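These notes are about the structure you will find just below.
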There are 2 protein chains.
Amino acid sequence: MDKEIIYDIRQFNRFYTKVLGLFNNQILDTDYSLTEARILFEISERTECIANNLVQELNIDRSYMSRILRKFEREGLIEKKNSPIDSRKNLLFLTGKGEELLEKINSQSDEQVIQLFDGLTNSEINEIRNSMIVIKEKLDKNKL
Amino acid sequence: MDKEIIYDIRQFNRFYTKVLGLFNNQILDTDYSLTEARILFEISERTECIANNLVQELNIDRSYMSRILRKFEREGLIEKKNSPIDSRKNLLFLTGKGEELLEKINSQSDEQVIQLFDGLTNSEINEIRNSMIVIKEKLDKNKL
DNA sequence: TCCTTTAGTTGACTTAGTCCACATTAAATA
DNA sequence: TATTTAATGTGGACTAAGTCAACTAAAGGA
């Protein structure tokens, strides 16, 4: 692989670290961290979600995940239902309160994206979008 | 801005969080964190680098930066030279040892990139690279 | 059956990052 | 020029985030 290509890719990685950092630090005015928001999101997207799925997808330590989920449960954001098929597993569900919170987070996240792209023309926005799709598809297919 | 576009962008953000997460967690077999590696990198890239530049570029708390730099100094990775023009500022320089470490980190980082792209054709790699350049240029111009 | 793997929990701990008050020096302005 | 105001960096005390190891309990084989 060519030195220059690697250089450009690493440059992009540094750049995009900053982009994501802005999103993450710009406090979503809730009391939840980005990781926590992401967990709520995944629980809502998945059917039959269990803790171990999240551990793998989000690269989070099992014990840490366990504590976050327990906190969510105490706060009434999720419910754990013991799986009838495999009693080691707990199926995770958002409660009404959890869904409400997620919706709030989602609309704030949408707003962050809008702000980042504010000022660009529609055709520029579309170029970026298409570029993102290319990157994701090719890398996804390859590894992740 | 169209709902679908926002959706795709946020999907990419989640995806790329994972990509970067893989890089960051995959321990560069040194005793330094990604943030620390990034600081060494920036000191090496910049001429007349001062702590406050890094604080702004990397979004790190001033006191935290101060401590990291002090640690680097103790470990002989950097040197601070008081600015003759503005004595509040310390100019930062890598020592030979610091440069050596950075080189090691750089070659390991290059290797990570190679592994991620391993299996893709040259034309696919180039498509990704060009997509990255598009994203960076457009967003850079716009905001960052 | 016994051994291995998977799922999850708990306690103790380390690392990372934040907040605030402070000292110096420089720059701005009355 | 005297007096604010802003920039740069430091240190103490703290909280949040993440890790490690030991454990229980259930499932899935050979």
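No hydrogens, no waters, no symmetry mates; every other heavy atom, side chains included, goes into these values. Residue numbers begin at 1 in each chain, while the letters A, B, ... track the order of the sequences. Keep in mind that this is a model prediction, so the values were computed, not measured.
B:Glu75 has no carboxylate O lying under 4.0 Å from a charged side-chain N of B:Lys97, or vice versa, which leaves the two without a salt bridge. Taking the charged nitrogens against the carboxylate oxygens, B:Glu42 and B:Arg38 do have a contact shorter than 4.0 Å, which makes a salt bridge. With respect to A:Glu48 and A:Lys89, no salt bridge is recorded, no charged nitrogen being found less than 4.0 Å from a carboxylate O.
One interatomic measurement links the two molecules: NZ of A:Lys71 to P of C:dT9, which rounds to 16 Å at whole-angstrom precision. Taking atom CG of residue A:Leu58 and atom P of nucleotide D:dA17, one finds them 15 Å apart after rounding to whole Å. In this structure, A:Asp31 places its CG atom 11 Å from P of D:dA16, rounding to the nearest Å. Per the geometry, CD1 belonging to B:Ile68 stands 8 Å off C1' belonging to C:dA16, to the nearest Å. Rounded to an integer number of Å, the gap from CG of A:Leu92 to C1' of C:dG8 is 11 Å. Rounded to a whole Å, the CD1 atom of A:Ile60 is 14 Å from the C1' atom of D:dA16. Separating the CG atom of B:Asn82 from the C1' atom of C:dT25 is a distance of 10 Å, rounded to the nearest angstrom.
Because its NZ or CZ atom is not both nearer than 6.0 Å to the ring centre of A:Phe12 and within 45° of the ring axis, B:Lys136 does not count as a cation-pi partner of that residue.
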Once each nucleotide of nucleotides 1-12 of chain D is scored for protein heavy atoms under 4.0 Å, what B/S/- sequence comes out, 5' to 3'? ------BBBBBB
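Cluster partners of A:Leu91 are A:Ile50, A:Phe93, counting Ile, Leu, Val, Met, Phe, Trp and Tyr whose side-chain heavy atoms approach within less than 4.5 Å, directly or via other members.
Over its full length, the helix from C:dT1-D:dA30 to C:dA30-D:dT1 turns its helical axis through 30°, comparing axes from the five pairs at each end and rounding to 10°.
Contacts of B:Leu54 with the nucleic acid, taken as non-hydrogen atoms under 4.0 Å apart, are absent.
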Check against side-chain hydrogen bond (donor to acceptor under 3.5 Å, both in side chains), B:Asn13 and A:Tyr16: CA-CA 9 Å; B:Asn13 286 349; A:Tyr16 220 75; 2.5 Å; yes
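In this structure, A:Leu40 and A:Phe72 have side chains that are in contact, with non-hydrogen atoms separated by less than 4.5 Å. In this structure, B:Ile125 and A:Met1 have side chains that are in contact, with non-hydrogen atoms separated by less than 4.5 Å.
In terms of modelled atom types and a separation under 3.5 Å, the side chain of B:Ser109 and the main chain of B:Ile105 share a donor-acceptor contact.
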